[in-house]
Visitor: 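Provided herewith is a single structure, encoded as structure tokens, for subsequent inquiry.
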Amino acid sequence: MPKIKEVKPGSLAEELDLQPGDELIRINGTTINDIVDLQFALADETIDMEIKRTNGEIWQIEVDKDYDEGLGVEWEHPTVDRVHLCHNKCVFCFVDQIPGQMRKTLNVRDDDYRLSFLHGNFVTLTNLKDGELERIVRLKMSPLNISVHTTNPTLRVRMLGNKKSGEILNQIAYLAEHGIEMNTQIVLCPEWNDGEELDRTIRELAPFYPAVRTLSVVPVGLTRHRRGLHKLRGCTPEEARTVVHQIRAWQEKLRPELHTSFVHAADEFYVLANEPVPPSEYYDDFSQTENGVGVIRTFLDEMDEALPRAPKTLPTARRKVGIVTSVSAEKTIRESLARLDGVHGLHYEVFPVVNNFYGNNVSVAGLLTGTDIMAQLAGKVAHLDTVLVPDIMLKDDDDICLDDYRIDDIKRALKTDITVVPATGTGLIFGTLGYTQALPPRRRYEATLRSMAQAQ
């Protein structure tokens, strides 16, 4: 039964005097088995709940509520029951490559179609039980995010280490036939699923459009903690250039046929290849920005919109600010900040942080740690008024880095102020100028290695 972990202040649950430890038995006579049952049951405007209190009492509560109003609680498990764990042994698994001293939640490998539907997690569909594919269709759980990697069944079995993984095209065909929309991805591993295999995957997925809405191609993420794992390597600049040109050719072929680009290369490929990112129209609806696709273009477009709105003077006579960024984003950040060079009294310094914690092959801002920031900025920033840190470095709903260092820890170590800003063009401009009160609310990210690995 769903058990309440926390009741949020001002929520419907607090109004009903629900408490941590209370268990939800039924809603409108329906037994609640998982988060999907719960979401559908709570959609009604009048609900009759059966609650088991911590003292064993059974309460019947009838509630009138808004259609989209939730209870306002955090459940003991995010799926209400138990999260469906991954049964694969992927040759590129990012969780296998993290240091042993990381907190336990970062080692959880979920592969749960319910989290894909509700939160956008990518799943492989290799651990579905009997009837679950039909349940997805019956409940119209759309869209789903699916990690395909390759449509070659023999190769997919090798890459995922799971005998069931060769059924992916049949599964996608069934879901498409029954109206389920899907976003798909490929983690590209050189000499595995690139070249002709990449062409094959694109060629075999494109006919499922519009049910398969998009296909993203992201580079494999490799850390320095790969002991005892398959021998893999990252893309060279030349290989990244080949991937960019290969995908561009497919986009030019598919756009007249499908009226969409369909397949997209992650931003890291363009950075590694030293190629310009495509214009906005090639990203269609930007549906895979959380997967590292179109983030640079979105950032640049927002810079163009934000600059005319930005103040032309500083709130103080002089301002000295540092900007923390990743190696892969350094060029974009420097070119963007150059547009502020005419602001009188502004002094800024850009600090690209090398990811020694995970290894130099990991170059995205979302995987930077407090350890590397403190080590590489020590003695370099005490003269600054503040140092800007992008919010994508931090855990959801908490100012804590992947290595458990908090923003206050970094402040003390560097002996300077730290300002967390949205990782957007607006965040960079207004944060650099010192008008942080004009910034939109900080975006929040699910900072787990599983979701970060998807952006790799």
Side-chain angles (χ1 to χ4, degrees), residues 90-98 147-152 155-156 158-160 184-203 215-252 261 263-278 282-283 288 291-297 325-335 352-368 372 449 452-456:
C90 296
V91 296
F92 51 81
C93 179
F94 200 79
V95 178
D96 285 342
Q97 306 177 64
I98 64 175
S147 291
V148 175
H149 306 312
T150 176
T151 53
N152 180 333
L155 178 58
R156 194 168 193 256
R158 285 180 56 215
M159 293 191 72
L160 273 60
T184 58
Q185 75 158 351
I186 295 169
V187 173
L188 196 77
C189 302
E191 301 176 1
W192 284 75
N193 58 344
D194 56 350
E196 292 181 4
E197 290 293 348
L198 176 58
D199 281 330
R200 172 177 175 167
T201 301
I202 299 171
R203 184 172 59 250
L215 170 62
S216 65
V217 183
V218 303
V220 62
L222 304 175
T223 80
R224 63 186 179 90
H225 306 280
R226 285 191 57 82
R227 300 177 188 88
L229 302 177
H230 284 80
K231 289 185 178 181
L232 295 178
R233 62 175 180 82
C235 288
T236 65
E238 292 75 18
E239 288 170 331
R241 197 168 299 115
T242 296
V243 171
V244 167
H245 293 171
Q246 189 175 0
I247 289 176
R248 186 176 297 152
W250 273 104
Q251 291 176 330
E252 297 300 333
S261 295
V263 59
H264 304 277
D267 293 2
E268 285 183 82
F269 281 115
Y270 293 97
V271 172
L272 183 58
N274 197 27
E275 293 263 353
V277 297
Y282 272 76
Y283 287 103
Q288 293 218 39
N291 211 15
V293 175
V295 177
I296 293 177
R297 173 49 59 197
T325 188
S326 64
V327 172
S328 63
E330 178 186 5
K331 181 180 178 182
T332 300
I333 297 298
R334 288 191 184 278
E335 290 177 352
V353 176
V354 177
N355 200 324
N356 293 324
F357 191 89
Y358 290 111
N360 295 350
N361 288 327
V362 178
S363 62
V364 294
L367 288 172
L368 289 177
D372 283 330
L449 289 184
M452 290 300 184
Q454 291 165 2
Q456 284 290 306

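None of these values were measured; they are calculated from a predicted model.
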Visitor: Rounded to the nearest 0.5 Å, how far does OH of Tyr282 lie from CZ of Arg297?
Guide: 12.5 Å
Visitor: Check whether any side-chain heavy atom of Trp192 lies under 4.5 Å from a side-chain heavy atom of Glu197, and answer yes or no.
Guide: no
Visitor: To the nearest 0.5 Å, what is the distance between OG on Ser326 and CG on Leu368?
Guide: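 The CG atom of Leu368 is 6.0 Å from OG of Ser326, to the nearest 0.5 Å.
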Visitor: State which residue, out of Thr242, Val217, Ile247, Val277, fulfils the side chain to side chain contact (heavy atoms under 4.5 Å, CB included) condition with Phe269.
Guide: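 Of Thr242, Val217, Ile247, Val277, side chain to side chain contact (heavy atoms under 4.5 Å, CB included) with Phe269 is met by Val217 alone.
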Visitor: Could you tell me whether the side chain of Glu268 and the main chain of Val218 form a donor-acceptor pair under 3.5 Å?
Guide: no
Visitor: Got a second to check how far Asn193's CG is from Met159's CE, nearest 0.5 Å?
Guide: 4.0 Å
Visitor: For the residue pair Leu188 and Asp194, what are the closest heavy atoms and their distance?
Guide: CD1-CA, 3.7 Å
Visitor: Measure the acute angle between the ring planes of His264 and Tyr283, then classify it against the limits of 30° and 60° as parallel, tilted or perpendicular.
Guide: parallel
Visitor: For a 4.5 angstrom cut-off between non-hydrogen side-chain atoms, does Val354 reach Val327?
Guide: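 In contact.
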Visitor: Return the minimal non-hydrogen interatomic distance between Gln185 and Ser147, and the atom names on each side.
Guide: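 Where Gln185 meets Ser147 most closely, the heavy atoms are NE2-OG, 2.8 Å.
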Visitor: Counting neighbours of CD on Glu238 that are heavy atoms of other residues, nucleotides or ligands and sit closer than 6.0 Å, is the number greater than 12?
Guide: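 Yes, enclosed.
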Visitor: Of all heavy-atom pairs between Gln246 and Asp199, which one has the smallest distance, and what is that distance?
Guide: NE2-OD1, 3.0 Å
Visitor: So, does Ser328 use its side chain to make a donor-acceptor pair with the main chain of Ser363 at under 3.5 Å?
Guide: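 Yes: the side chain of Ser328 pairs with the backbone of Ser363.
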Visitor: Are the side chains of Phe357 and Leu367 in contact, using a 4.5 Å heavy-atom criterion?
Guide: no
Visitor: Working to the nearest 0.5 Å, report the span between OG1 of Thr325 and NZ of Lys331.
Guide: 14.0 Å
Visitor: In Å and rounded to the nearest 0.5 Å, what is the CZ to NE2 distance from Arg158 to His230?
Guide: 8.0 Å
Visitor: For the pair Asn291 (side chain) and Ser216 (backbone), establish whether a donor and an acceptor sit closer than 3.5 Å, ignoring hydrogens and angles.
Guide: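 No, the answer is negative, given that no donor and acceptor are paired below the 3.5 Å cut-off.
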Visitor: Determine whether a donor-acceptor pair (N or O, by modelled atom type, separation under 3.5 Å) exists between the side chain of Asp267 and the backbone of Val293.
Guide: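 No; judged by distance alone, with no hydrogens or angles, the pair does not exist.
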Visitor: Among Leu198, Val220, Thr150, exactly one meets side chain to side chain contact (heavy atoms under 4.5 Å, CB included) together with Ile186. Which residue is that?
Guide: Leu198
Visitor: Rounded to the nearest 0.5 Å, what's the gap from CZ on Arg156 to SG on Cys90? Could you check?
Guide: 8.5 Å
Visitor: Heavy atoms, side chains only, cut-off 4.5 Å: are Pro352 and Arg334 in contact?
Guide: yes
